[in-house]
Amino acid sequence: MSRNASSDSRPVSAIWGGRFASGPSAVMEAINASIGFDKRLYAQDIAGSKAHADMLAACGILSQEDNAAIQEGLDRIREDIEAGRFEFSTRLEDIHMNVETRLRERIGDAAGRLHTARSRNDQVATDFRLWVRDAMDHIQGLLRDLQRVLIDRAEEHFDTVMPGFTHLQTAQPVTLGHHLLAYVEMFGRDRSRFRDARARLNECPLGSAALAGTGFPIDREQTARALGFDGPMRNSLDGVSDRDFALDYLSAASICAVHLSRLAEELVIWTSAQFGFVRLPDAYSTGSSIMPQKRNPDAAELVRAKAGRVIGNLNSLLVVMKGLPLAYSKDMQDDKEPVFEASDTLELCLAAMTGMVEHMMPNVARLRESAAQGFTTATDLADWLVRELGTPFRDAHGVAGAIVRMAEDRGVGLEDLTLEDMQAVEPRLTDEAVRVLTVDASVSARSSFGGTAPSRVREAVREARRRFLETEDT
Ligand code: ARG
């Protein structure tokens, strides 16, 4: 495209060019056009126009014949687009003008009446809301799929012991099932965030017109209902200029992407040779072109990286919106790409994570061995002293600490010390105290509500199925 293309040679837009003597320069056309991305709104745009035309006809603003021609014409356009027979034109700027221009070619003058009591401002606000609402509904299913595989794997590993970490330092033994169920909770909150956002989104801007409403006797309730909204938005200025629903979507998407990224990070760590906790199947690993031994967890790394994009998209739109006075500004045309990109990215990441979790192969023996390393049952010893001897916890902590130091000095694990060794620190210790030092005893003891004990994990698996998989919503 030449930057110097003469503006005079270009035709003026048939839709808004009444007051213009010449058309836009090539650069103006390039920066102004949104059709390259907003064609993704075609189904919503057509649904919005059909609802609007029906309402105009019901209110006596449009004749029944014109409405019939419009309905029929829009249906055919939708078919053409879906069959790949529609040629989108940059000259026609956006999806709204592409569809309307084509409608005019098909049905003639009646098409020109469709835009009565409407503006592209309330039109795009409506289309975009409908699109984001669909995206919110779709994500529910993807999150549920991921929760399902996490719950299945948690059930399978309800008593598989592994080290639990704080500061990425071995802390106390936990069960793998418990660890996986932690993510089920996170993704459950994500679902509820998308649900909340959907409820707030579900008011219809159509009928706000350019910004001030319209003098035509329209029925906003009718269009709102026809498009599945709870009702019309209450303020026309807000109707055309609000993009909170997109920000809500991107916020929920960003938090969800953060959860995916944390799980991805765990997979990256767990699949390293040094940890060796988990192996990813070939389908989710790649090799190295130079190092034959390598098995890289690329999918997990990319899920971790792509969280950055989703967060970036939220940031983009926040910055677009922060300086805009009421009502519509063209800046708002730049609201779509961040949302489309975030949605594509998040959906791909959810699918990749679901596949990885479903097919990952935990190394149960290695997890168990690692669970005992690093004196992970020292707290159990302290707890025993409190429980059986009435020692105050702070003192018990000191005793257990001294025993850990003894094991560390000798280069052995806690379970390798004899009762006599330990009695040198606390003479009242018994065989029973030695038994609490096993990792199985340790996890079984943590049977408080929400704890890691296998009995609790089994119960939590049942509850998670009921809470997240047997619910009605999408
Ligand atoms: N393509 C535009 C957008 O996405 C449609 C609204 C245009 N409105 C206007 N007043 N120029 O925002």
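Just so you know, ligand 1 is whichever comes first in the structure, and atom 1 is the first atom listed for that ligand.
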* Just need the protein heavy atom nearest to atom 11 (N) of ligand 1, so name the residue and atom and give the distance. => Arg120 NH2, 3.6 Å
* Arg85, CZ: over 12 other non-hydrogen atoms inside 6.0 angstrom -> yes
* **Structural part of Gln123 in contact with ligand 1, heavy atom criterion under 4.0 angstrom** => neither
* **Derivation and outcome, salt bridge (Lys or Arg N to Asp or Glu O under 4.0 Å), residues Arg153 and Glu156** => CA-CA 5 Å; Arg153 300 309 306 264; Glu156 183 186 334; 2.9 Å; yes
* Asked: Should you measure from each heavy atom of Ser34, which atoms of ligand 1 turn up under 4.0 Å away?
  -> 1 (N)
* Asked: Which of parallel (below 30°), tilted (30 to 60°) and perpendicular (above 60°) describes Phe128 and Phe340?
  -> perpendicular
* Close N or O approach (His96, ligand 1; < 3.5 Å) -> no
* Asked: What residue and heavy atom of the protein are closest to atom 3 (C) of ligand 1, and at what distance?
  -> Tyr328 OH, 3.3 Å
* To do: Would you please indicate yes or no on a ring centroid separation below 6.0 angstrom for Phe194 and Tyr249?
  => yes
* To do: List the steps and the verdict of salt bridge (Lys or Arg N to Asp or Glu O under 4.0 Å) for Arg120 and Asp127.
  => CA-CA 10 Å; Arg120 274 190 294 159; Asp127 295 1; over 6 Å; no
* **atom 5 (C) of ligand 1: the protein heavy-atom neighbour that sits closest, reported with distance to 0.1 Å** => Asp94 OD2, 3.5 Å
* Checking Arg198 against Phe245: charged group under 6.0 Å from the ring centre and within 45 degrees of the axis? -> no
* To do: Provide, to 0.1 Å, the distance between atom 4 (O) of ligand 1 and the closest protein heavy atom, together with that atom's residue and name.
  => Lys336 NZ, 2.6 Å
* Asked: What is the minimum heavy-atom distance between Met162 and Thr175, and which atoms define it?
  -> CG-C, 4.3 Å
* At what distance is the nearest protein heavy atom to atom 10 (N) of ligand 1, and which residue and atom is it? -> Asn121 OD1, 3.0 Å
* Asked: When you measure from atom 1 (N) of ligand 1 to every protein heavy atom, which one gives the shortest distance, and what is it?
  -> Gln333 OE1, 2.7 Å
